[in-house]
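Worksheet for the structure shown next.
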Amino acid sequence: MDMAVGLIVGSAFTAIVTSLVDDILMPVIGMVLAGINFSSLGVTIPWGNEPFIAFGSFINAVITFLLTALCVFLIVKVMNVFRRKKKDEPEMPPEPTKEEALLTEIRDLLKAQAESRSEEK
């Protein structure tokens, strides 16, 4: 069930990153690079029926992948930091029960009596 939820959230997250790249980042990068529209970049090959190779779409897909990978990497790093903090906290030993405290006291008294008898001899 966790795997299914992860896949659904991951696909939704990929859609968000794709929108970020296509709608926000690529227009800004195109503006910086003298108004180049990456989605329309391509080459027409003058053979046969003259196919169009759209390498601008490939550049968009690569940037989308890199941003998605960066976000997943950062999420995993943050989760590891929280996990490590939980493991590093020392566990406090449990308080002894009343019976254990009483037994410890009896043991110490018997030990003290045995030492005092051995000193008398």
Side-chain angles (χ1 to χ4, degrees):
M1 188 62 141
D2 291 338
M3 185 83 129
V5 171
L7 286 173
I8 292 169
V9 171
S11 65
F13 183 70
T14 301
I16 291 171
V17 173
T18 301
S19 176
L20 172 73
V21 169
D22 292 341
D23 301 332
I24 297 173
L25 292 180
M26 294 313 282
V28 172
I29 292 172
M31 185 178 60
V32 169
L33 297 176
I36 297 173
N37 182 4
F38 280 94
S39 60
S40 66
L41 284 180
V43 175
T44 302
I45 299 175
W47 305 318
N49 60 356
E50 297 185 8
F52 182 73
I53 298 175
F55 59 82
S57 297
F58 177 73
I59 291 172
N60 280 350
V62 168
I63 292 173
T64 300
F65 170 76
L66 292 175
L67 285 174
T68 304
L70 175 69
C71 291
V72 170
F73 174 76
L74 292 175
I75 289 169
V76 169
K77 278 293 203 186
V78 168
M79 289 177 67
N80 285 340
V81 167
F82 285 127
R83 244 187 232 157
R84 194 173 306 124
K85 283 184 180 178
K86 285 184 179 178
K87 287 182 181 177
D88 289 346
E89 293 177 1
E91 292 185 22
M92 296 297 292
E95 292 287 325
T97 63
K98 291 181 180 181
E99 292 174 347
E100 289 173 339
L102 183 60
L103 289 172
T104 303
E105 187 178 336
I106 292 170
R107 181 198 63 200
D108 293 341
L109 288 172
L110 290 173
K111 190 176 183 181
Q113 281 180 353
E115 288 176 0
S116 66
R117 285 185 187 164
S118 65
E119 289 177 4
E120 291 177 1
K121 290 183 183 180

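Keep in mind that what you see is a predicted model, and the values were worked out from it rather than measured. In this chain, numbering begins with 1 at the start of the sequence shown.
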Inset, instruction - Could you tell me which residues satisfy side-chain hydrogen bond (donor to acceptor under 3.5 Å, both in side chains) with S57, sequence neighbours excluded, listed by chain and number? - result: none
Inset, instruction - Drop me the distance from L74's CG to L70's CG, to the nearest 0.5 angstrom. - result: 4.5 Å
Inset, instruction - May I ask you to list the residues sharing a hydrophobic cluster with V62, side-chain cutoff 4.5 Å, ordered by chain and number? - result: F58, F65, L66
Legend entry - Cluster link F73 to M79, ILVMFWY, side chain under 4.5 Å: no
Legend entry - Separation of L109 CG from R107 CZ (nearest 0.5 Å): 10.5 Å
Legend entry - Distance, nearest 0.5 Å, that separates CG of L41 from CD1 of I53: 13.0 Å
Legend entry - Main-chain N/O of A15 paired to S19 side chain as donor or acceptor, under 3.5 Å: no
Legend entry - Note, Q113 side chain near L110 side chain (heavy atom, < 4.5 Å): yes
